[in-house]
A.B. asks: 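Got a structure here, written out as structure tokens. Questions coming.
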Amino acid sequence: MSALGELRTLRKQEKSQVLSEAARKEERAAYLFLVPWLAGLVLITAGPMVASLYVSLTDYNLLQPPEFLGLDNYVQMLDDERLLNSLGVTFAYVFVSVPLQLAAALGIAVVLNRGMRGLAFYRSVYYLPSLLGGSVAVAVLWRRLFGADGLVNQGLALLGVHDAPAWVADPDTALGTLVVLNVWTFGAPMVIFLAGLRQVPVSLYEAAAVDGAGRWARFARITLPMITPIIFFNVVLQIIHAFQAFTQAFIVSGGTGGPSDATMFFTLYLYQTGFGNFQMGYASAMAWVLLVIVAAFTAINFWASRFWVFYDD
Amino acid sequence: MTTDALKTASKHLVVILIGLAMTYPLAWMLVSAVRDEPDIFTSPGLWPVGDDLANFVEGWDSAGLPFSRYLVNSSLIALGAIVGNLVSCSMAAYAFARLRFRGRRVFFGIMLLTIMLPIHVVIVPQYVIFSQLGWVNTFWPLIVPKLLATDAFFVFLMVQFIRGIPRELDEAARIDGAGFFRIYAQILLPLMRPALVTTTIFTFIWTWNDFFTQLIYLTDPAMFSTSVALRSLVDSTSASSWGPLFAMSVVSLVPVFVVFLLGQKYIVQGIATTGGK
């Protein structure tokens, strides 16, 4: 009897030992699988971030060793008119183009969602510009479309408008052409909206129809609240994305951010500072400002989401 | 009944018109590429006036080296990035989705945070590192980060996908004596095909379209990628030679367009599943 009991406890002990051995094995395997990612985190992401924070406190031109300045780079930004202007340009771009782009995405998604025949085809047509929009080729096209003698002005001339601006060459309208380009790429958020709209239970619409709710009421009272998590996701994503816009402004302005710095995005000024003038310290400080801005916007978005995003689970 | 039909028809009409307006610039670029120079800007129509391929012939050699060189360079960069992302992201995703280890939550949180990290924050030190290694004007700075799973977006996509695969499959394999590597390689990888295809497609298109990092690391014309070559063509283009420039722009978009046509299903699934969650 006692021998049997002893055997049992022994077996139990053995089993728990085997288990912990298995757990250890699993952990070892996990870290092995994570080796590339961990190496990337240290060598490509976290390490360079720490280095970048240090470089941002220095004067560094790649050739001489960095000279420590403290917070001078950051203080200098407050007096840098071009930098403050580039911040303004970037904010204007984000605040105008993201809402317009998302409104277009949601509007078209709602239209396409209602049992539309040929949905897959339309979806592809609308999505194509998002895939191409970030390319140099499309930026080249834009520069030509909105040139003084470009297609847009030819079209306007046909309509009798002969005093149209030179768009990309006019400080008042240059940024607007880039906004149009970003709105044109509404296909990516649209596809996400479409996926979200499909999740809204049809029974809700049926019940509302029985109650005599009209089209607009159904959209405002059912569709919108049900897809708030999707709207939130798109807002966060597109804001982060828009803050980092670069290629379009670079190509359309020939790398200058002109005319009169009207399309000098923050990222473009950062590129010129770091890789044009080799002021790596100042460029790094700018990068940290960009990170803080993007992080702040994301944090504000998450905080504000408590008041308007509804999760049903 | 008839009002319903009318409604449907008008809806289709609106959707088609907007679609036409959106694709018009692309179509216009396409026909402009085969137009004779003076006709490009006098005709907003889509009928190719000069229907020869002179612009392509001229454009092909006008960026210093034959344009095929840049296409090959971009292809090599994209190939390296694809292999890197497939291997490293799927390994990390397997660990995050299936294995228990200390620090899992913290690391997973860090991984999610890196998705929104602007590249500008790390580009200066990265440039210093890669230039010390003598890697400026090689493709390594564009490929090595992918080998190290820095495209966290794809790690996240694959984690989400693996979570949808029944755990019982892994457990059954374990009972049959399979180790973690065998489970990863022989059970999960084959089942992850849709996620792997999505990763391949997006890595290809994003690498092909990438400009910022390629502009920074590739300064020797022999190493130019397609987008950097196109940019140098813009800079050297006089006002009168837009035809060749458009021709090469079209050439540079063809691979993206082909991948889009082949992979539509996966592209839509890819954005919808990562976005919907």
Side-chain angles (χ1 to χ4, degrees), chain A residues 23 26-27 29-31 33-34 36-37 39-41 43-45 48-49 51-52 55 111-112 122-126 128-129 131-132 134-137 140-141 144-145 149 151 154-155 184 188 191-192 195-196 233 240 244 246-247 251 254 267 270 274-275 280 283-284 287-288 290-291 294 298, chain B residues 11 14-15 18-19 22-23 25-26 28-29 41 44 88 91-92 94-95 99-102 107 110-111 114 116-118 120-126 128-129 145 147-150 155 180 184 205 209 211-212 216 227 230-231 234-235 242 245 249-250 252-253 256 260 264 268 271-272 275-276:
Chain A
E26 184 167 342
E27 186 165 272
Y31 281 115
F33 276 101
L34 283 175
W37 180 80
L41 182 67
L43 299 173
I44 308 288
T45 310
M49 275 180 84
S52 155
V55 171
V111 171
L112 286 185
Y122 291 127
R123 189 177 52 195
S124 299
V125 169
Y126 286 129
L128 186 61
L131 273 191
L132 307 179
S135 66
V136 171
V140 168
L141 168 67
R144 191 60 238 184
L145 282 180
D149 58 348
L151 190 62
Q154 283 173 40
W184 185 62
V191 170
I192 296 172
F233 179 85
I240 292 175
Q244 299 176 55
F246 174 79
T247 308
I251 297 297
T267 54
L270 192 156
F275 297 91
M280 292 298 184
S284 295
W288 276 91
L290 180 68
L291 176 64
V294 170
T298 309
Chain B
K11 204 167 85 173
V14 169
V15 172
I18 298 175
M22 285 183 64
T23 42
L26 296 171
W28 184 77
M29 175 162 70
F41 304 112
S88 66
M91 284 171 67
Y94 172 60
L99 302 178
R100 275 164 302 178
F101 55 96
R102 272 164 290 175
F107 282 133
I110 291 174
M111 191 272 291
T114 58
M116 65 156 218
L117 186 74
H120 312 87
V121 180
V122 288
I123 194 74
V124 168
Q126 269 184 29
V128 174
I129 294 169
L147 288 167
L148 301 180
T150 49
V155 178
F180 295 107
Y184 158 78
I205 293 175
N209 281 344
F211 179 60
F212 185 68
I216 285 169
S227 34
L230 210 52
R231 178 260 165 148
V234 180
D235 285 359
W242 279 86
L245 179 55
S249 297
V250 169
S252 79
L253 289 182
V256 178
F260 168 69
Q264 275 192 61
V268 170
I271 14 186

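Atoms considered below: every heavy atom in the structure, side chains included; atoms not considered: hydrogens, waters and symmetry mates. Chain A is the first sequence line, chain B the second, and so forth, proteins listed ahead of strands; every chain is numbered from 1.
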A.B. asks: For residues B:Asn209 and A:Ser135, report the shortest heavy-atom separation together with the two atoms involved.
C.D. replies: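 Closest heavy-atom pair between B:Asn209 and A:Ser135: OD1-CB, 3.3 Å.
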A.B. asks: Does any non-hydrogen side-chain atom of B:Trp242 lie less than 4.5 Å from one of A:Val140?
C.D. replies: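 Of all side-chain heavy-atom pairs linking B:Trp242 with A:Val140, at least one is under 4.5 Å.
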A.B. asks: Determine whether B:Met22 and A:Val125 make a side-chain contact, defined as any pair of heavy atoms from C-beta on separated by less than 4.5 Å.
C.D. replies: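 In short, these two side chains do not touch, never coming nearer than 4.5 Å.
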A.B. asks: Heavy atoms only: give me the nearest A:Ala30-B:Phe101 pair and the separation to one decimal.
C.D. replies: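 Heavy atoms only, the tightest pair is CB-CD2, 3.3 Å.
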A.B. asks: Starting from the C-alpha separation in whole Å, work towards a yes-or-no answer on side chain to side chain contact (heavy atoms under 4.5 Å, CB included) for B:Val15 and A:Val111.
C.D. replies: CA-CA 8 Å; B:Val15 172; A:Val111 171; 3.7 Å; yes
A.B. asks: Please give me the minimum heavy-atom distance between A:Tyr126 and B:Gly19, naming the atom from each residue.
C.D. replies: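 That would be OH-N, 3.5 Å.
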A.B. asks: Of all the heavy-atom pairs spanning A:Ala137 and B:Leu253, show the shortest one and how long it is.
C.D. replies: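 Minimum heavy-atom separation between A:Ala137 and B:Leu253: CB-CG, 3.7 Å.
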A.B. asks: Sort B:Phe107 into side chain, backbone, both or neither according to what part of it lies under 4.5 angstrom from a heavy atom of chain A.
C.D. replies: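 For B:Phe107, heavy atoms of backbone and side chain both lie under 4.5 Å from chain A.
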A.B. asks: Which value, rounded to the nearest 0.5 Å, describes the distance between B:Phe212 atom CZ and A:Thr267 atom OG1?
C.D. replies: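 Output value for this atom pair is 7.0 Å.
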A.B. asks: Residues in ring-ring contact (aromatic ring centres under 6.0 Å, His included) with A:Trp184, at least two apart?
C.D. replies: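 Listed in chain order: A:Trp142.
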A.B. asks: How about A:Leu132 and B:Val256: do any of their side-chain heavy atoms sit closer than 4.5 Å?
C.D. replies: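 Counting from C-beta outward, A:Leu132 and B:Val256 do come under 4.5 Å.
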A.B. asks: Using non-hydrogen atoms only, which part of A:Leu270 is less than 4.5 Å away from chain B: side chain, backbone, both, or neither?
C.D. replies: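 Only the side chain of A:Leu270 comes within 4.5 Å of chain B.
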A.B. asks: Let me know if B:Ser252 has heavy atoms under 4.5 Å from chain A in its side chain, its backbone, both or neither.
C.D. replies: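 The answer is the side chain of B:Ser252.
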A.B. asks: Side chain, backbone, both or neither: which part of A:Leu145 has a non-hydrogen atom closer than 4.5 Å to chain B?
C.D. replies: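 When you check distances to chain B, only side chain atoms of A:Leu145 fall under 4.5 Å.
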A.B. asks: Between OG1 of A:Thr247 and CZ of B:Arg231, what distance do you get to the nearest 0.5 Å?
C.D. replies: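 These two atoms lie 11.5 Å from each other.
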A.B. asks: Taking A:Pro48 as the fixed residue, which of B:Val122, B:Val121, B:Val128, B:Ile123 is the one that meets the side chain to side chain contact (heavy atoms under 4.5 Å, CB included) rule?
C.D. replies: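 Only one of B:Val122, B:Val121, B:Val128, B:Ile123 forms a side chain to side chain contact (heavy atoms under 4.5 Å, CB included) with A:Pro48, namely B:Val122.
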A.B. asks: Grab the two heavy atoms, one from B:His120 and one from A:Leu290, that are nearest each other, plus how far apart they are.
C.D. replies: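 Answer, listing the atom of B:His120 first, then A:Leu290: ND1-CD2, 3.4 Å.
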A.B. asks: Can you list the residues that meet the side-chain hydrogen bond (donor to acceptor under 3.5 Å, both in side chains) rule with A:Ser124, with sequence neighbours excluded?
C.D. replies: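 With sequence neighbours excluded, A:Ser124 shows a side-chain hydrogen bond (donor to acceptor under 3.5 Å, both in side chains) to B:Gln264, given in chain and number order.
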A.B. asks: For A:Phe33 versus B:Ala95, what's the shortest heavy-atom pair and its separation?
C.D. replies: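 Nearest heavy atoms, A:Phe33 then B:Ala95: CB-CB, 4.0 Å.
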A.B. asks: Which answer fits B:Ile129, side chain, backbone, both or neither, if we ask what part of it has an atom under 4.5 Å from a heavy atom of chain A?
C.D. replies: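 Only the side chain of B:Ile129 comes within 4.5 Å of chain A.
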A.B. asks: With only heavy atoms counted, which part of B:Tyr94 is less than 4.5 Å from chain A, the side chain, the backbone, both or neither?
C.D. replies: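 Just the side chain, heavy atoms under 4.5 Å.
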A.B. asks: Could you check B:Leu117 against A:Met49 for side chain to side chain contact (heavy atoms under 4.5 Å, CB included), going step by step and ending with a plain yes or no?
C.D. replies: CA-CA 10 Å; B:Leu117 186 74; A:Met49 275 180 84; 3.9 Å; yes
A.B. asks: So what's closer than 4.5 Å to chain A heavy atoms on B:Leu147: side chain, backbone, both or neither?
C.D. replies: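 The backbone, not the side chain.
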A.B. asks: Would you call B:Arg102 and A:Glu27 a salt bridge, taking side-chain N to carboxylate O under 4.0 Å as the test?
C.D. replies: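 Yes.
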A.B. asks: With a 4.5 angstrom heavy-atom cut-off, is it the side chain or the backbone of A:Leu141 that approaches chain B, or both, or neither?
C.D. replies: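 When you check distances to chain B, atoms from both the backbone and side chain of A:Leu141 fall under 4.5 Å.
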